[in-house]
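Computation of the quantities below employed the complete heavy-atom set of this structure, encompassing side-chain atoms and omitting hydrogens, waters and symmetry-equivalent molecules. First listed ligand is number 1; within each ligand, the first listed atom is number 1. Note that the structure is a prediction, hence the values are computed from the model and not measured.
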Amino acid sequence: MIMKSAYFPLACVLFLMLAGCYKDTASVDAYVPDNSSASILRAETDIELGKIIQQRGLHANPAKDKNLPSIESPLAQLGMKLFFSKALSGDLDVACATCHHPLLGGGDNLSLSIGVNATAPDVVGHKRLLQGKLSPGVPRNAPTTFNIGLWQNVMFHDGRVEQLASGIHTPDVAPAEVDPHAGSNLVHAQARFPVTSNHEMRGETFDAGGTTQSCRDKLAQRLGGYGDTMQGKLSDAETRYWLDAFRAAYAQPVASAPELITEHNIAAALAEYERSQVFISNPWKHYVEGNLAAISPAAKQGALLFFRERGQGGYACASCHRGDFFTDEQFRNVLLPAIGPGKSNASNPNLQRDYGRWLVTQQETDKFRFRTPSLLNVAVTGPWGHNGAYTSLPSMVEHMLNPFQAALNYDPAQLKQPGIQTGQLQQNLREMLTGDSDLAGQPYPPEDVGKLVAFLHTLTDPCVTDKACMGKWIPPTEQSRQDPMGLQLNARLEP
Ligand code: HEC
Ligand code: HEC
């Protein structure tokens, strides 16, 4: 850890030394404007980056040509209410926002998410703890919901919700089949799954033994106050509150709860809220659009390292983190240290292993492969990796520079969360290496880490770190007072 955090100052010191040395040269030559050699060098970097931007056709506007809703739209407003309501969880204790809070980078600041059985249901972030047993049951890190509408092909770290030519595939149907109930887009299809997961929202007893579909339907019935008498029945005032909200959002003032409050409409509204979270207006975009002062010289150096091919002074990061959304949506084994319970272990809880894409395709070559994440806003979406193994951005970048070395020397002490399983690290690494690793490492000058990190910081939209700007995506407290049973999540960081 000490070594890792040392890179920032080191990069700064090197940069200051260089900057100082340019100044001296300039002042010696009376005929040249003050900072000429520095600005010539800067101009060269800008020219090089300009070529890369042009060759790759980058425009830094991945939302171009996408039809994404505004947060002001009625459906997104209803979606926000639902996203923040614990009414969608079996035991009325978890909301989507518990693990995807707009003020926590659209995630939860945890390596591995904690849904049901928390010591204090409204606490989010790294002080959210599990009751009793401390080992987390959710095997993966919660990805950000920011810019979720920009994914073209796959949702989830293993892509188990997937756009096929003829429709959307989900885990509810056989491999490679289209799910007729998936909804109108990937985000809609995804939004139907968290409520069915025992560890995330469902709990152990709600609709126990039922299917994913019966669970969704029963949650919708409970919310609308119709159908079977169910566990955790809501008050009449609460179901009335939701009926009013659905009638307003769907502009159907006389429709009944069974007509309006369906699992389809719940997921559709959730998806509209999530798809309104477009946060792409970052310094890198301003730079690509021509404001050469929008990013620092260190970030420009980092950008060159990021985009240039190996052997041409770069690390070819963009061969996978491609295009304006910084992902090719493909699956790769980059040797992330295997921590946590793992996902392939339903029958054997001691396996602590996650085969990633293999769980979807059963193809041997897909073992340990995970989706290339987008890097937009990556500075605020930690911990990083599909399981949150890295808790600082520099250490994540070090991993990407030399995966095998980093995995071999991985220090579990960086995990801030108690109880995360780390017993199988070396055994899993050995198994990962028998497959195809998709990322070759190399020794690298330590200052490159700081440059790459400086570049990654330019991908943060200032809105996402501004409480006032994010306010539009968080339901107002007054609304929480209107919620008769007080099920709106009013998240807090402290127990
Ligand atoms: C307990 C924490 C938790 C809760 C509650 C939760 N999620 Fe998630 N979410 C996760 C985790 C963990 C993943 C990654 C799972 C995987 O890839 O296998 C995820 C994945 C996602 C993704 C996919 C993101 C991507 O980049 O592919 C979306 C979208 C999402 N969740 C939305 C929701 C919505 C909507 C709800 C409420 C209905 C919700 N989540 C509730 C933890 C949570
Ligand atoms: C071979 C494809 C590939 C290359 C090349 C690559 N990455 Fe990645 N990157 C991935 C994949 C796949 C993941 C997710 C791995 C996982 O979660 O298991 C990832 C994860 C990351 C993350 C964590 C993001 C998050 O949200 O958790 C960062 C940061 C990152 N890469 C930066 C870089 C940098 C910087 C470079 C160049 C030095 C680079 N990557 C090169 C495929 C690649």
Side-chain angles (χ1 to χ4, degrees), residues 79 82-83 85 88-89 94-100 105-108 110 112-116 118 128 136-148 151 154-161 186-187 189-197 199-201 266-267 270-271 273-275 302 305-306 310 314-322 326-328 330-338 343 354 356 359 368-379 381-390 393 396-403 437-441 444 448-449 452-453 455-456:
L82 289 163
F83 197 84
S85 180
L88 291 184
S89 61
V94 187
C96 305
T98 304
C99 303
H100 300 284
D108 55 9
L110 289 166
L112 299 170
S113 291
I114 296 173
V116 302
R128 185 174 180 84
V138 177
R140 291 182 181 162
N141 178 263
T144 184
T145 50
F146 296 170
N147 298 320
I148 198 73
W151 292 96
V154 279
M155 297 270 97
F156 287 121
H157 293 294
D158 52 17
R160 61 188 182 275
V161 167
L186 285 173
V187 188
Q190 192 286 334
R192 301 171 62 241
F193 285 88
V195 298
T196 68
S197 152
H199 289 301
E200 289 187 6
M201 296 180 81
I266 290 171
L270 284 169
Y273 165 71
E274 294 177 86
R275 280 156 29 90
L305 295 173
F306 187 90
R310 284 173 187 270
Y315 297 107
C317 309
S319 61
C320 301
H321 299 287
R322 187 174 298 159
F326 293 89
T327 172
D328 56 4
Q330 299 296 309
F331 300 87
R332 299 255 168 46
N333 175 3
V334 299
L335 304 178
L336 251 271
K343 198 168 160 75
D354 191 335
L359 295 169
F368 299 109
R369 284 190 161 148
F370 294 88
R371 185 187 65 176
T372 308
S374 162
L375 298 179
L376 293 181
N377 302 302
V378 69
T381 62
W384 293 269
H386 68 268
N387 53 12
Y390 289 104
L393 189 53
M396 181 72 223
V397 169
E398 285 171 26
H399 180 97
M400 299 313 289
L401 286 166
N402 204 342
S437 160
D438 297 306
L439 182 57
Y444 53 90
D448 283 1
V449 178
L452 284 163
V453 168
F455 169 62
L456 294 177

Quiz item: Which residue supplies the protein heavy atom nearest to atom 16 (C) of ligand 2, what is that atom called, and how far is it?
Solution: His386 ND1, 3.3 Å
Quiz item: Between Leu82 and Ile266, which heavy-atom pair has the shortest distance, and what is it?
Solution: CD1-O, 3.8 Å
Practice problem: Report yes or no: does a heavy atom of Val187 sit under 4.0 Å from some atom of ligand 1? | Solution: no
Quiz item: Trp384: what forms a ring-ring contact (aromatic ring centres under 6.0 Å, His included) with it, not counting sequence neighbours?
Solution: none
Practice problem: Would you mind listing which atoms of ligand 1 come within a distance below 4.0 Å of any non-hydrogen atom of Ile148? | Solution: 24 (C), 25 (C), 26 (O), 29 (C)
Quiz item: Of His399, Met396, Arg322, Arg310, which has the heavy atom at the shortest distance from atom 21 (C) of ligand 2?
Solution: Met396
Exercise. Could you tell me which non-hydrogen atom of Leu452 sits nearest to which non-hydrogen atom of Cys317, and how far apart they are?
Key: CD2-SG, 4.4 Å
Practice problem: Show which atoms of ligand 2 fall inside a sub-4.0 Å distance from at least one heavy-atom site of Phe370. | Solution: 12 (C), 16 (C), 18 (O)
Quiz item: In ligand 2, which numbered atoms sit nearer than 4.0 Å to a non-hydrogen atom of Tyr315?
Solution: 38 (C)
Practice problem: Could you check Arg128 against Asp108 for side chain to side chain contact (heavy atoms under 4.5 Å, CB included), going step by step and ending with a plain yes or no? | Solution: CA-CA 9 Å; Arg128 185 174 180 84; Asp108 55 9; over 6 Å; no
Quiz prompt | Where ligand 1 meets Val138 - atom numbers and elements under 4.0 angstrom, heavy-atom basis | solution = 12 (C)
Exercise. Provide the number and element of each atom of ligand 2 under 4.0 Å from a heavy atom of Asp438.
Key: 1 (C)
Quiz item: Side chains of Tyr315 and Leu401: closer than 4.5 Å at any heavy-atom pair?
Solution: yes
Exercise. State the atoms of ligand 1, each with its element, that fall below the 4.0 Å cut-off from a heavy-atom position in His157.
Key: 14 (C), 16 (C), 17 (O)
Quiz item: Between Leu270 and Cys96, which heavy-atom pair has the shortest distance, and what is it?
Solution: CD2-SG, 4.1 Å
Self-check item: Protein residue, atom and distance nearest to atom 27 (O) of ligand 2, heavy-atom basis
Solution: Gly385 N, 2.7 Å
Self-check item: For the student: nearest non-hydrogen atoms of Val397 and Val449, plus distance
Solution: CG1-CG1, 4.3 Å
Quiz item: Would Asp354 and Arg140 pass as an ion pair if we require N to O under 4.0 Å?
Solution: yes
Self-check item: Atoms of protein origin (N, O or S) under 2.8 Å from atom 8 (Fe) of ligand 2
Solution: His321 NE2
Exercise. From atom 35 (C) of ligand 1, work out which of Glu274, Arg275, Lys343, Arg128 has a heavy atom at the shortest distance.
Key: Glu274
Quiz item: Which distance, rounded to the nearest 0.5 Å, do you find between the SG of Cys99 and the CE of Met201?
Solution: 8.0 Å
Quiz prompt | Protein N, O or S atoms lying under 2.8 Å from atom 8 (Fe) of ligand 1, listed by chain and number | solution = His100 NE2
Self-check item: Atoms in ligand 2 flagged as close to Ser319, the criterion being non-hydrogen separation under 4.0 Å
Solution: 5 (C)
Practice problem: Please test Asn387 against Leu112 for side chain to side chain contact (heavy atoms under 4.5 Å, CB included), starting from the C-alpha separation and ending with a verdict. | Solution: CA-CA 6 Å; Asn387 53 12; Leu112 299 170; 4.1 Å; yes
Quiz item: Atoms of ligand 1 less than 4.0 Å from Arg160 heavy atoms?
Solution: 16 (C), 17 (O), 18 (O)
Self-check item: Numbered atoms and elements of ligand 1 in range of Phe156, under 4.0 angstrom, heavy atoms
Solution: 15 (C), 16 (C), 17 (O), 18 (O), 20 (C), 25 (C), 27 (O)
Quiz item: Any idea which heavy atoms bring Arg310 and Ala440 closest together, and the distance?
Solution: NH2-O, 2.9 Å
Practice problem: Classify the ring geometry between Phe306 and His321 as parallel (under 30°), tilted (30 to 60°) or perpendicular (over 60°). | Solution: tilted
Exercise. Show which atoms of ligand 1 fall inside a sub-4.0 Å distance from at least one heavy-atom site of Arg371.
Key: 25 (C), 26 (O), 27 (O)
Exercise. Go through ligand 2 atom by atom and flag the ones less than 4.0 Å from a non-hydrogen atom of Leu401.
Key: 38 (C)
Self-check item: Those atoms of ligand 1 less than 4.0 Å from some heavy atom in Ala95
Solution: 5 (C)
Self-check item: Euclidean distance, Phe146 CZ relative to Ser374 OG, rounded to 0.5 Å
Solution: 12.0 Å
Quiz item: Would you call Leu82 a ligand 1 contact, heavy-atom distance under 4.0 Å?
Solution: no
Quiz item: Which of the atoms of ligand 2 are close to Ala316, meaning less than 4.0 Å from one of its heavy atoms?
Solution: 5 (C)
Self-check item: Residues that Asp438 engages under side-chain hydrogen bond (donor to acceptor under 3.5 Å, both in side chains), provided they are two or more places apart
Solution: Arg369
Practice problem: Pull out every atom of ligand 1 sitting under 4.0 Å from any heavy atom of Arg140, numbered as shown with elements. | Solution: 12 (C), 16 (C), 17 (O), 18 (O)
Quiz item: Would you call the rings of Phe370 and His386 parallel, tilted or perpendicular if under 30° counts as parallel and over 60° as perpendicular?
Solution: parallel
Self-check item: Leu186 vs Val161, side chain to side chain contact (heavy atoms under 4.5 Å, CB included): CA-CA, chis, key distance, verdict
Solution: CA-CA 7 Å; Leu186 285 173; Val161 167; 3.9 Å; yes
Quiz item: Which residue and non-hydrogen atom of the protein lie closest to atom 25 (C) of ligand 2, and at what distance in Å?
Solution: Trp384 CD1, 3.6 Å
Self-check item: Heavy-atom closest contact (Asn402 atom, Gly441 atom, distance)
Solution: OD1-CA, 3.6 Å
